[in-house]
Student: 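Take this structure first; my questions come after.
One-based numbering, in listed order, for ligands and for the atoms of each. Worth saying up front: this structure is predicted, and the values here are computed from it rather than measured.
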Amino acid sequence: MNSLEDIASQLLQDNELVLVGHAIPDGDCIGSMLGMACALRALGKKVEMILENPVPVIYHYLPHWEDIKEPHKVESSGFTAVWLDCSDQCRVDQSVREALQGAAKVINIDHHLGNSLFGDYNFVDTEAAASAEIVYRLLKKMSLAITAEVANCLYVGIIMDTGRFLNSNTTSLTMEIAADLLRSGASVELARNHLFESKPLQEVMLLRFALQHLHLSENGQVAWMCISLAEAQQADALDYHPEGIINYARMISGVEVGLLFREVAPGQVKVGFRSRGRIDVASLARGLGGGGHRLAAGASINGSLEEAVAQVLAVVKDVC
Ligand code: AMP
């Protein structure tokens, strides 16, 4: 592990950077990339950003989201690759790994437990509520201005990873950083309107499918929901990250673990885990090849929806 100072001095000295986040990007990954890109570009650096999946429409109010491109479009060579919000290099697909082959240096900035420290430089703080919190501290360490553009991006990362400041990862430091982002020009209204009150109909239709397949274990401690590929296609929602849908499983009284199974390709299922507090779902997810945090984790399972449900429930029911 390196110090924040080490990472700051690397970023200050390098002039060509490629920022990358994980597959099925969420608000923290996108907000961290955009916030860092805005701040580093203001120094005159060439900063490219890549993601293997499209940026969900709710984030299209953020500055320069259109600059996030497909991995094969990377122009630089001999650049510094900055991985944001990725616990290991398996969080991206082959197209991203190939695009980053020309990197002269790899910097890994993350807040997930079990990060494999795959970079030449690594800064992982599992106490940070969001990677955006770390990016904020890094920009401060570099004495870079937190402009309104930067502030809006980082604020999104924090809001989404703390569940609007309600998840137990929310700390007093989270609040202090958020307060400074508001002072710097982040807009609560823009965030509320775009993130929570402009849901595409397709995403709400995904919720309808998920609720149609809501199940409860016999002891009432595990709730799970499923969305098949056919249903996502029917809802015209293949590219949507079903942000927040999983919470409907965990919010049921008595439920300790909520799960969302989503078939993302034929024979490939993404499973999300949420814990009420007693169960460490990160360790369950890691046992299935995934990862995440104690109370919010995920994994990708090869097989049909039914097979994935059976495999995951066998593990979860052991502890619930
Ligand atoms: P999600 O359910 O997609 O919102 O993910 C919850 C948490 O688990 C996030 O911090 C993710 O980064 C992490 N996570 C999700 N899927 C995986 C995976 N396949 N491998 C490792 N971590 C994951």
Side-chain angles (χ1 to χ4, degrees), residues 20-33 51-53 56 58-59 83-93 96-97 108-118 124-134 156-164 166-170 195 203 206-207 210 223-227 232 239-250 257-265 268-276 279-303 308 311-312 315-316:
V20 62
H22 53 75
I24 314 182
D26 58 14
D28 190 24
C29 152
I30 292 165
S32 297
M33 288 171 73
L51 284 173
E52 67 199 65
N53 299 118
I58 58 171
Y59 303 114
W83 291 64
L84 288 157
D85 204 40
C86 297
S87 50
D88 63 52
Q89 285 161 310
C90 299
R91 295 291 281 123
V92 303
D93 72 4
V96 174
R97 287 194 289 268
N108 161 26
I109 298 169
D110 184 33
H111 70 134
H112 289 97
L113 270 178
N115 182 294
S116 62
L117 304 182
F118 56 86
V124 180
D125 179 0
T126 58
E127 299 293 309
S131 293
E133 255 189 51
I134 304 176
V156 165
I158 293 176
I159 288 195
M160 297 312 270
D161 259 28
T162 58
R164 310 185 217 182
L166 288 175
N167 294 345
S168 55
N169 58 358
T170 309
L195 302 177
E203 207 177 310
L206 275 184
L207 171 63
W224 66 98
M225 302 184 293
C226 302
I227 304 170
D239 290 338
Y240 288 84
H241 184 63
E243 204 89 64
I245 290 181
I246 190 171
N247 296 334
Y248 285 85
R250 184 181 55 181
V257 174
L259 302 164
L260 175 65
F261 294 89
R262 188 179 176 213
E263 193 182 15
V264 289
Q268 200 193 334
V269 177
K270 167 141 181 40
V271 52
F273 297 72
R274 295 293 183 273
S275 164
R276 184 179 293 275
I279 311 291
D280 174 359
V281 286
S283 73
L284 299 181
R286 272 200 301 278
L288 294 158
H293 309 282
R294 206 176 160 273
L295 303 184
S300 282
I301 309 269
N302 291 326
Q311 191 183 343
V312 173
V315 174
V316 176

Student: In terms of atom number and element, which parts of ligand 1 are under 4.0 angstrom from non-hydrogen atoms of Lys270?
Tutor: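 Ligand 1 atoms under the 4.0 Å threshold to Lys270: 3 (O), 15 (C), 16 (N).
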Student: Under a 4.5 Å cut-off applied to non-hydrogen side-chain atoms, are Asn53 and Pro25 in contact?
Tutor: yes
Student: Of all the atoms in ligand 1, which lie at a distance below 4.0 Å from a heavy atom belonging to His293?
Tutor: 10 (O)
Student: List ligand 1 atoms under 4.0 Å from Gly291, heavy atoms only on the residue side.
Tutor: 8 (O), 13 (C), 14 (N), 20 (N), 21 (C), 22 (N), 23 (C)
Student: Tell me the closest heavy-atom pair linking Asp93 and Glu52, and the distance in Å.
Tutor: N-OE1, 2.8 Å
Student: Assess, by modelled atom type and distance only, whether the side chains of Asn108 and Asn115 contain a donor and an acceptor separated by less than 3.5 Å.
Tutor: yes
Student: So, applying side chain to side chain contact (heavy atoms under 4.5 Å, CB included) with Asp28, which one of Ile158, Asp161, Ile159 is it?
Tutor: Asp161
Student: Give, for atom OG1 of Thr162 and atom CD of Glu133, the distance between the pair rounded to the nearest 0.5 Å.
Tutor: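 Between Thr162 OG1 and Glu133 CD, I get 8.5 Å after rounding to 0.5 Å.
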Student: Which residue and non-hydrogen atom of the protein lie closest to atom 11 (C) of ligand 1, and at what distance in Å?
Tutor: Arg91 NH2, 3.5 Å
Student: Quick check: does Asp85 get an N/O under 3.5 Å from an N/O on ligand 1?
Tutor: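 It does not: no N or O of Asp85 is found under 3.5 Å from an N or O of ligand 1.
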Student: Just so I know, are the side chains of Arg250 and Phe273 near enough to count as touching, which here means a heavy-atom distance under 4.5 Å?
Tutor: no
Student: I need the atoms of ligand 1 closer than 4.0 Å to a non-hydrogen atom of Gly292, numbered in the order shown.
Tutor: 8 (O), 13 (C), 22 (N)
Student: Can you list the atoms of ligand 1 that are under 4.0 Å from a heavy atom of Gly272?
Tutor: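 Answer, ordered by atom number: 2 (O).
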Student: Check each of Met160, His112, Arg286 against atom 10 (O) of ligand 1 and report the one with the nearest heavy atom.
Tutor: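 Minimum heavy-atom distance to atom 10 (O) of ligand 1 goes to His112.
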Student: Counting both backbone and side chain atoms, is some N or O of Gly298 under 3.5 Å from an N or O of ligand 1?
Tutor: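 Gly298 vs ligand 1: N/O contact under 3.5 Å present.
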Student: Please name the pair of heavy atoms, one in Val124 and one in His112, separated by the smallest distance, quoted to 0.1 Å.
Tutor: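 Heavy-atom minimum between the residues: CG1-O, 3.7 Å.
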Student: Answer yes or no: does an N/O atom from Arg274 fall short of 3.5 Å to an N/O atom of ligand 1?
Tutor: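 Such a contact does occur with ligand 1.
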Student: Looking only at protein heavy atoms, which one is nearest to atom 7 (C) of ligand 1, and how far off is it?
Tutor: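 Looking at atom 7 (C) of ligand 1, the protein heavy atom closest to it is Ala296 O, 3.5 Å.
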Student: Does the side chain of Val264 come within less than 4.5 Å of Lys270's, by heavy atoms?
Tutor: yes
